[in-house]
Amino acid sequence: KTKQAGILNFFSKK
Amino acid sequence: MFEARLGQATILKKILDAIKDLLNEATFDCSDSGIQLQAMDNSHVSLVSLTLRSDGFDKFRCDRNLSMGMNLGSMAKILKCANNEDNVTMKAQDNADTVTIMFESANQEKVSDYEMKLMNLDQEHLGIPETDFSCVVRMPAMEFARICRDLAQFSESVVICCTKEGVKFSASGDVGTANIKLAQTGSVDKEEEAVIIEMQEPVTLTFACRYLNAFTKATPLSTQVQLSMCADVPLVVEYAIKDLGHIRYYLAPKIED
């Protein structure tokens with residue numbers, strides 16, 4: 001099973 | 001004063017079509033280098049990044065940096081009123097709370113203008129780290145759209161596996177399994193028909209079909225699409241906009257639960 005990661009797991013807020 | 005003019009409204013229509021399924025509203029950041037937009041979709045799974053260079057416009061003037069928050073549904077209504085061949089000009093005063101979008105027919109006999117209210121959006125810009133991608137695939141944009149559409153029938157997810165031999169797209173579900181393999185093309189007459197793979201090391205990643213299909217709404221902008229992949233980082237799907245800029249979509253992968 002896979003789960004969807006969020007984009008904020010990879011990119012940080014400036 | 002901000003003023004940007006494009007020779008053909010059709011380009012702006014295509015750009016809007018490429019983002020409006022993912023974003024309800026977005027901020028267009030205007031500076032003398034051009035127009036930038038960066039926004040996450042509502043579920044914070046993907047990120048849209050649009051760059052339009054000032055030198056790609058027929059006319060471009062931006063005296064002061066300006067952030068214009070727009071409702072994309074409203075913008076779509078306005079763009080529907082343009083003929084594809086019309087000139088389109090966007091204008092705003094400094095610190096204005098409206099933008100004016102003007103269409104002129106090629107023979108100048110019909111001129112229409114629409115004033116749209118701007119929105120104050122809470123925009124959070126994200127820092128996108130530099131990545132040395134393991135695999136970069138360039139392929140016809142129509143082919144990618146076709147593959148995403150076909151595989152979405154079989155599963156919510158598509159597995160993309162890239163090796164130096166080629167790229168394989170797979171989906172597995174109740175019906176069974178679907179595999180589509182594309183080999184790197186040898187010699188092609190037309191550059192836009194080529195499949196080109198630059199591989200440092202093989203990579204296999206899983207992505208949600210729903211988002212890939214949303215990205216393919218940009219297909220009318222470009223003959224080729226570029227997919228950049230690296231283990232455990234977002235996929236980058238890039239469409240060049242000829243002589244004007246590009247649209248990039250970043251999609252977080254599906255990971256082992």
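Keep in mind that this is a model prediction, so the values were computed, not measured. Because only heavy atoms are used, hydrogens play no part in the values below, and waters and symmetry mates are left out as well, while side chains stay in. Lettering follows sequence order; numbering is per chain, from 1.
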Practice task
With a 4.5 angstrom heavy-atom cut-off, could you sort out which part of B/Asp232 is near chain A: side chain, backbone, both or neither?
Solution key: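 The answer is the backbone of B/Asp232.
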
Handout entry: Listed once per pair and sorted, the ring pair (Phe, Tyr, Trp, His ring centres under 6.0 Å) pairs that draw on residues 195-220 of chain B, sequence neighbours left out
Key =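 Every pair satisfying ring pair (Phe, Tyr, Trp, His ring centres under 6.0 Å) with a residue in residues 195-220 of chain B: B/Phe215-B/Tyr249.
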
Output the distance between atom [atom1] ([X]) and atom [atom2] ([Y]), rounded to the nearest 0.5 Å.
| X | Y | atom1 | atom2 | answer |
| --- | --- | --- | --- | --- |
| B/Asp257 | A/Thr2 | CG | OG1 | 8.0 Å |
| B/Ile128 | A/Ile7 | CD1 | CD1 | 8.0 Å |
| B/Thr131 | A/Phe10 | OG1 | CZ | 10.5 Å |

Practice task
Could you have a look at B/Pro129, B/Ala208, B/Ser43 and say which one has the most heavy-atom pairs with chain A under 4.5 angstrom?
Solution key: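 Looking at each of B/Pro129, B/Ala208, B/Ser43 in turn, B/Pro129 comes out on top.
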
How close do [X] and [Y] get, heavy atom to heavy atom, and via which atoms?
| X | Y | answer |
| --- | --- | --- |
| A/Phe11 | B/Gly127 | CB-O, 3.5 Å |
| B/Ala252 | A/Ala5 | CB-O, 3.3 Å |
| A/Lys1 | B/Glu256 | O-OE1, 3.6 Å |

Problem - Neighbours of chain A found in residues 153-176 of chain B - heavy atoms under 4.5 Å - result: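 Checking residues 153-176 of chain B against chain A gives no residue, so none.
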
Problem - Residue pair A/Lys14 / B/Leu126, side-chain heavy-atom distance below 4.5 Å - result: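 No, every pair of side-chain atoms sits at 4.5 Å or beyond.
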
